[in-house]
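This report concerns only the one structure given below.
In the text below, chain A, chain B and the rest are named by the order of the sequence lines, each starting its count at 1.
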2 protein chains.
Amino acid sequence: MLRISKRVEYGLMALQYLAKSGQVATTREISDSSNIPHDLLAKVMQSMKRNGIIDSFQGVRGGYRLLLSPEQITLNRVVFSLDEETAITECASENPEHATCAMFDTCTIKVPMQKLQMKLTESVGNMTISELL
Amino acid sequence: MLRISKRVEYGLMALQYLAKSGQVATTREISDSSNIPHDLLAKVMQSMKRNGIIDSFQGVRGGYRLLLSPEQITLNRVVFSLDEETAITECASENPEHATCAMFDTCTIKVPMQKLQMKLTESVGNMTISELL
DNA sequence: ATAAGTCGGACTAAATTAGTCCTATTTAAG
DNA sequence: CTTAAATAGGACTAATTTAGTCCGACTTAT
């Protein structure tokens, strides 16, 4: 259907790691164990932290920890925290700043896109990490 | 969740147009009526033709016509005809040539991605044009 | 004081997607 | 039997998005 971003892939790997270990883990630990680019994962972790999915500790023995249980973390939330958007089209965005399609007035498929968006969010977006991992 | 391509957007507009008119229509007619780039739409129509979703007539009074009824056309089929892929990750692709991810052996989220893919295809991909439009 | 972390912004590179252009072929109609 | 209106399809460019890197600042356990 539509491709998932690397950021989201890496985010899911990290969440899985944190869920399994149950403890505080560093980005280095996670990026080594999953063979993914450390610096990019660092960004991913920061985004998920800002969103409130995970928790962080700075300094020497710092790292990240799950703040929500896997049952509470929806795919939608992960994607939103990492891609800043979960809409399949501009016009389907909840953020009006992102909904500035030039064809808005003449577009013939706004309603269909709305339906699609709802179905996607409901069936896929609302899945939780615990269902998935 | 994930953004839909312009090709698919244009394709859906065209299918809607064909379904409504019930007759043969030219790409010019459709691109004018929908305010979309003619040349790009032409590519889109060719792809859907090759896939067997629509039918074409060359020459002066030529154009395109639905070959399947809206109930028979799934979103998945439209996307596949236009984007050549419906998988959310490389490894979830049905085409082994597209499934050449370098991290395949070490990846920790293959199963989750598989689950996600199934859910997406089942809930969203299998929707038909008639349900949508 | 130092080393191991996170924080966050700026930047570059790579890949994908959107869009254009050109030439060939088909065919209805004058 | 020529012309004009179409589709067919390949090659190309431009624009946008995504991936990935780098750097300097701040935090904190040892």
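- Summarising the local packing, OH of A:Tyr10 is surrounded by more than 12 heavy atoms from other residues, nucleotides or ligands at distances under 6.0 Å.
- The side chain of A:Gln58 lies closest to C:dG5, out of D:dT7, D:dG20, C:dG5.
- For the pair A:Arg3 and C:dA15, the criterion of a side-chain N or O lying under 4.0 Å from OP1 or OP2 is not met.
- Residue contacts for A:Lys43: at a heavy-atom cut-off of 4.0 Å it reaches a base atom on one of the strands shown.
- Comparing A:Lys6 and B:Gly62 along DNA chain D, the residue whose closest nucleotide (by nearest heavy atom) sits nearer the 5' end is B:Gly62.
- A:Arg65 has its CZ atom 17 Å from the P atom of C:dG5, to the nearest Å.
- Other residues, nucleotides and ligands place more than 12 heavy atoms under 6.0 Å from the CZ atom of A:Phe57.
- Under 4.0 angstrom from either OP1 or OP2 of C:dC7 there lies at least one side-chain N or O belonging to A:Lys49.
- Residues A:Tyr10 and B:Val60 both approach DNA chain D. Their nearest nucleotides, taken by heavy-atom distance, put B:Val60 toward the 5′ side.
- Heavy-atom minimum distance, B:Val79 versus B:Glu85: CG1-O, 3.7 Å.
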Between protein and nucleic acid, restricted to nucleotides 13-16 of chain D and to nitrogen or oxygen atoms under 3.5 Å apart, what atom pairs and distances do you find?
none

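- A donor-acceptor contact under 3.5 angstrom links the side chains of B:Glu71 and B:Ser69, judged on distance only.
- DNA chain C is contacted by both B:Ser5 and A:Met45; A:Met45 maps to the nucleotide lying nearer its 5′ end (nearest heavy atom per residue).
- Separating the CZ atom of B:Arg50 from the P atom of D:dT7 is a distance of 14 Å, rounded to the nearest angstrom.
- Test A:Ile53, A:Asn51, A:Val8 against A:Leu82 for side-chain contact (heavy atoms from CB on, under 4.5 Å) and you get one pass: A:Val8.
- Whole-Å rounding puts the A:Asp55 CG to C:dC7 C1' distance at 15 Å.
- Put simply, A:Ser56 has a side-chain N or O that comes within less than 4.0 Å of OP1 or OP2 on C:dC7.
- With contacts defined as side-chain heavy-atom distances shorter than 4.5 Å, the pair A:Lys119/B:Glu131 does not qualify.
- Taking atom CZ of residue B:Arg61 and atom P of nucleotide C:dT25, one finds them 25 Å apart after rounding to whole Å.
- Crowding of A:Glu94 atom CD: a count of heavy atoms from other residues, nucleotides or ligands under 6.0 Å not exceeding 12.
- In this entry the distance linking CZ of B:Phe57 with P of D:dA8 reads 11 Å, nearest Å.
- Among the nucleotides D:dT21, C:dT20, D:dA6, the one closest to the side chain of A:Leu40 is D:dT21.
- Residue A:Thr27 has no polar side-chain atom (N or O) positioned under 4.0 Å from OP1 or OP2 of C:dG5.
- If you take CD of B:Gln46 and P of D:dG10, they are 9 Å apart, rounded to a whole angstrom.
- Atom CD1 of A:Ile54 is separated from atom C1' of C:dC7 by 13 Å (rounded to the nearest Å).
- Rounded to whole Å, atom P of C:dG19 lies 11 Å from atom CG of B:Asp39.
- Under the side-chain contact (heavy atoms from CB on, under 4.5 Å) test applied with A:Ser5, the options A:Arg3, A:Arg7, A:Glu9 reduce to a single match, A:Arg7.
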